[in-house]
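First the proteins, then the strands, lettered A, B, ... as listed; each starts at 1.
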Amino acid sequence: MVWSDRIAAGSAFLAAVIAGFVLPDWMISLATIAFANGLVVLGLIVMWRAGLVSFGQALYYCMGGYAVALIGRWGGVTDALLLVLLGGLSAAGVAFVVGFLLARYREIFFAMLSLALSMILYGLLVKTESLGSTDGLNVTAPTFLGYAPHQEELLVALYFLVLVVCATAALLISAYFRSLAGALAIPVRDNELRVEFMGMSVSRLIHTKLVISGLLAGTGGALVALAIGHVDPNMSYWTTSGEFVFITILAGAGSVGAAFIGSLAFESVRSFAFTMLPQLWQMLLGSVLLLTILFLPQGLGSLIQRLHWGRKAKAP
Amino acid sequence: MNSPILSVRNLGKRFGLLFAARDITVSIPVQQTVGVIGANGAGKTTFINMITGHLRPTNGTIHFEGRDITGLPCRQIKGMGISRSFQVAQIFPSLTVFENMCTAAAIGRAPHTFIGHVCTPLRSRESVVEAETLLELFQIAPYRDRLAATLPQGIRKLLDIGMALAGSPRLLLLDEPTSGISIEEKFSLMQVIMSALNSRKCTVLFVEHDMDIIEGFAERVLAFYDGTVIADGTPAATLADPRVQTLISGPKVRCAVGAAAHV
């Protein structure tokens with residue numbers, strides 16, 4: 001990573017930490033959800049770079065959320081970090097298994113198959129009374145290494161947990177993008193045949209990406225479950241997946257930071273639209289997407305890169 | 001003569017009723033430069049595809065450096081030291097020339113394990129140096145930062161072959177290195193390719209339609225017809241073979257030129 005990128009990432013993290021002490025509660029809870037969803041978007045970006053669009057990330061998102069609710073209920077685990085880890089890992093496990101099937105498909109077939117898998121989970125959850133059917137399940141209030149906060153303190157504690165998890169994920173994923181396995185995403189999108197002839201297994205590369213994106217989506221779902229305190233089958237519904245794809249287009253697949261910026265922008269616009277235009281908020285969201293595709297086809301993230309080039313151009 | 005690097009016995013490939021290759025028996029010594037000629041559909045590319053593991057032979061065996069590689073997947077064969085280039089250059093259009101080469105160099109150097117691929121950085125010092133060296137060797141360093149999608153045909157070919165040479169293969173198979181190149185450029189392009197490959201001490205097998213190129217660069221020529229080898233020997237001897245003349249090259253003025261050169 002270039003030094004300027006490190007400084008930018010560091011100061012963004014610092015600003016987010018300071019915001020946790022300053023901002024009003026409603027903003028903090030909005031940012032908590034936004035950053036947790038940003039993890040799912042980051043997972044989509046991992047696949048996007050290899051030319052794959054998943055319309056089924058809700059599967060892993062929902063798995064992560066239900067894992068937290070069920071492990072808390074049946075296993076009596078309350079530690080937030082442990083719950084989030086288990087939520088992420090159970091989703092990664094699901095991604096590993098369905099990956100054997102999904103890694104064989106591309107383009108629209110991949111998108112539709114992933115959508116179908118998430119709808120199977122939706123159907124199962126709706127039909128299962130013991131898992132709360134359409135009402136879903138409540139999630140017990142988490143503890144943080146023995147510390148059991150309530151109300152506003154819990155809100156802030158969860159916000160910081162989300163920040164720590166997101167920063168860790170961002171660091172690991174940007175290291176992955178620089179690694180051979182991660183950097184081969186564009187070659188895989190461009191020319192699978194050549195990648196195979198260079199001695200790499202394309203299906204294994206894609207399978208890895210599926211597991212990584214499942215892990216990220218599951219972690220995001222687990223954090224959202226803790227933040228909202230409730231999970232229901234809608235987490236696995238196809239519109240949830242569609243929303244993540246929407247945010248990914250808004251954010252652009254150019255950088256790791258874009259996932260979180262895009263997600264924050266989306267949540268802000270949605271909450272603003274919902275307050276200002278209660279009848280027409282979906283229209284406003286649609287217009288934002290249209291404008292993004294027309295004027296920022298590389299997403300919000302490309303604004304940062306443009307700044308970069310601007311600076312480089314000015315430098316002697 | 002030292003032991004052969006590649007030894008093929010009774011190799012055949014059948015697609016339904018069609019014999020794309022049959023009964024090919026060839027043995028190639030280390031560091032020889034072998035030209036392959038034959039009309040379209042004579043089985044040249046099938047032959048290459050079987051050696052690189054892209055096609056599984058119906059019968060026969062392939063030994064590389066004494067080890068049986070018949071029917072192994074192409075990934076594994078690449079790892080053992082056989083590489084290839086393509087008739088239509090196979091490059092990554094959305095990467096720059098340098099990034100293309102660096103990707104090839106990094107794959108060539110990475111340990112062939114799953115963890116190895118996740119832990120190896122793309123731009124390690126070694127792979128960057130290897131990529132820069134190959135760009136110089138193939139004389140495409142001036143195009144370093146161009147997107148591969150925008151390259152002229154000849155440069156694409158050089159990049160494709162350069163990428164195949166990353167990771168130091170011991171046997172390189174070139175499928176029509178000069179196809180799509182104008183006649184005036186062919187010779188100089190081949191010169192760049194061959195001097196690069198010779199400096200890396202690589203055994204080369206190349207498919208070519210232009211008999212002048214064959215005479216200029218091959219030490220030995222295999223002539224393919226109807227899926228099998230009908231002549232095998234020095235360029236002069238093979239091109240003078242009457243069967244080769246009637247079936248492949250045609251009795252052209254070129255043969256007279258070849259004869260004159262020998263006087």
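With a 6.0 Å radius and a threshold of 12 heavy atoms from other residues, nucleotides or ligands, B:Phe15 has its CZ atom above the threshold. Atom OH of A:Tyr176 has more than 12 neighbouring heavy atoms from other residues, nucleotides or ligands inside a 6.0 Å radius. Heavy atoms from other residues, nucleotides or ligands lying under 6.0 Å from CZ of B:Arg56 number 12 at most. The 12-atom threshold is exceeded at CZ of B:Arg146, counting heavy atoms of other residues, nucleotides or ligands nearer than 6.0 Å. In this structure, A:Phe110 places its CZ atom where more than 12 heavy-atom neighbours from other residues, nucleotides or ligands lie under 6.0 Å away.
Looking at B:Ile77, there are no atoms closer than 4.5 Å to chain A (heavy atoms on both sides), in backbone or side chain. The contact between A:Leu184 and chain B is made entirely by side chain atoms (from C-beta outward), counting heavy-atom distances below 4.5 Å. Contacts between B:Ala164 and chain A at a heavy-atom distance below 4.5 Å involve backbone atoms as well as side-chain atoms.
In this structure, the side chains of B:Met163 and A:Met198 come closer than 4.5 Å at one or more pairs of heavy atoms.
Of all non-hydrogen atoms in B:Leu95 and A:Pro187, the two that sit nearest each other are CD1-CG, 3.9 Å. In terms of heavy atoms, B:Ile91 sits closest to A:Asn191 at O-ND2, 3.4 Å. Counting all heavy atoms, side chain and backbone alike, B:Arg84 lies closest to A:Phe197 at CD-CE2, 3.5 Å.
Cation-pi contact between A:Arg194 and B:Phe86: absent, since separation from the ring centre below 6.0 Å together with deviation from the ring axis within 45° is not met.
In this structure, CD1 on A:Ile186 lies 6.5 Å from OG on B:Ser94, to the nearest 0.5 angstrom. Atoms NZ and CD, on B:Lys78 and A:Glu196 in that order, are 12.0 Å from each other to the nearest 0.5 Å.
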